[in-house]
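So the structure is just underneath, and the comments pick up after that.
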Amino acid sequence: MQLLSIIIPCYNEEENISYFYDELMKNKDFFEKRELDLEMIYINDGSSDNTAEEVKKLHEADNRVKLISFSRNFGKEAAIYAGFKKAAGDYAVMMDADLQDPPSLLPEMFGYIDQGYDSVATRRVSRKGEPVIRSFFARCFYKLINKISKTEIVDGARDYRLMTRQMVDSILSMGEYNRFSKGIYGWVGFKTKWVEFENVERAKGETKWSFWGLFKYSIEGIISFSTAPLSLASWMGVLFCVLAIILIIFIIIRTSIFGDPTDGWPSLVCIISLISGVQLLCLGIIGQYLSRTYLEVKNRPLYIVKEELE
Ligand code: UDP
Ligand code: MG
């Protein structure tokens, strides 16, 4: 028998907990046939509803259900890390509690693991049911980050991934504070098979991500996996120096031929505001990296556990 650890981050998912469990158990025959023992690790990420109670009910009925409750909401990334840390399985898989990661794909995914892949990742081919503006910005983000980062980050990739022990250990070795899982999975490498599926809408409840939240998360991704914005600052510096030299030469020649006209302050104001804008932008970019470095150096724990159920 081999052990499969299923990691389920939950934040205010009371309506979905048992529903998810039932859907997962539809694969019971497959788990038996493939000789897989299960361990289901629910991470309660500081929910304010009855998520923990729902998991406890499940735990009473099935001792393979485990619970880690955080002392407050630390975010999905911290929950994923806690789950991987707890996972004892030969394989681990990360799944959302809202059934947007269909458990029915597991048999197919194991098929690829048995063919020798280290990890089987999923990506949704459509964004059906999602606001149009959100899809548009998501596409732009993936285009941009793949241009400026060496780590491949696949458009539409979900966190739903099945992986071997070896890959789990590699992910755990990346203990950074500012986490961006999609990048971390790509960065550790390993032979990955991509499985595609049509977008499934969330079973119950509402998404925990606001547009602003997603925007900040995308900045996190860019800063964690690319230093291109930093070199942008130096390139802009070079560009403006060259422009300034050309301007100086132009003005010297013009003055020596036509004398010194006193007008020209509007152009001066334009140039000053443009360049100070660029300077502030570059300073801001440096600030973004500096603040991440600051948080990283503090070396705070990624999460704090309040309660654990074995
Ligand atoms: N989640 C979490 N902590 C958070 C936000 C979300 O553990 O701070 C969990 C949530 O319960 C769900 C998964 O992460 O199981 C994905 O969240 P959601 O469905 O809201 O995101 P979406 O699918 O809309 O991207
Ligand atoms: Mg969801």
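Whatever order the structure lists ligands and atoms in, that order sets their numbers, starting from 1. Just the heavy atoms: all of them, side chains too, but no hydrogens, waters or symmetry mates, feed the values below. The shown structure was predicted, so the numbers you read here are calculated from the model rather than taken from an experiment.
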Protein residue, atom and distance nearest to [atom], heavy-atom basis:
atom                    : result
atom 17 (O) of ligand 1 : W209 NE1, 4.0 Å
atom 23 (O) of ligand 1 : Q100 OE1, 2.5 Å
atom 10 (C) of ligand 1 : E13 OE2, 3.1 Å
atom 24 (O) of ligand 1 : T207 OG1, 2.7 Å

Any side-chain donor-acceptor pair under 3.5 Å between [X] and [Y]?
X    : Y    : answer
S47  : E14  : no
E77  : Y217 : yes
R124 : Q100 : no
T122 : R158 : no

Taking ring pair (Phe, Tyr, Trp, His ring centres under 6.0 Å) as the test, write out the residues that go with Y81, two or more places apart.
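For Y81, no residue satisfies ring pair (Phe, Tyr, Trp, His ring centres under 6.0 Å) once neighbours in sequence are set aside.
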
Would you mind listing the cluster partners of Y177? Hydrophobic ones only (ILVMFWY), side-chain contacts under 4.5 Å, chaining allowed.
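Same cluster as Y177: L295.
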
Suppose clustering is done on Ile, Leu, Val, Met, Phe, Trp and Tyr with side-chain heavy atoms closer than 4.5 Å. Which residues sit in the same group as L3?
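Besides L3, the hydrophobic cluster comprises nothing; the residue is isolated.
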
Can you confirm whether Y42 sits close enough to I68 that some side-chain heavy atom of one is under 4.5 Å from a side-chain heavy atom of the other?
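Not touching, per the 4.5 Å side-chain cut-off.
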
Would one find an N or O of A79, backbone or side chain, under 3.5 Å from an N or O of ligand 1?
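No; every N/O pair is 3.5 Å or more apart.
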
Which ligand 1 atoms are under 4.0 Å away from a heavy-atom of D96?
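This gives 13 (C), 15 (O), 16 (C), 23 (O) as the contact atoms.
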
Using 2.8 Å as the cut-off, count the protein N, O or S atoms closer than that to the Mg ion (ligand 2).
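Those protein atoms number 2 in total.
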
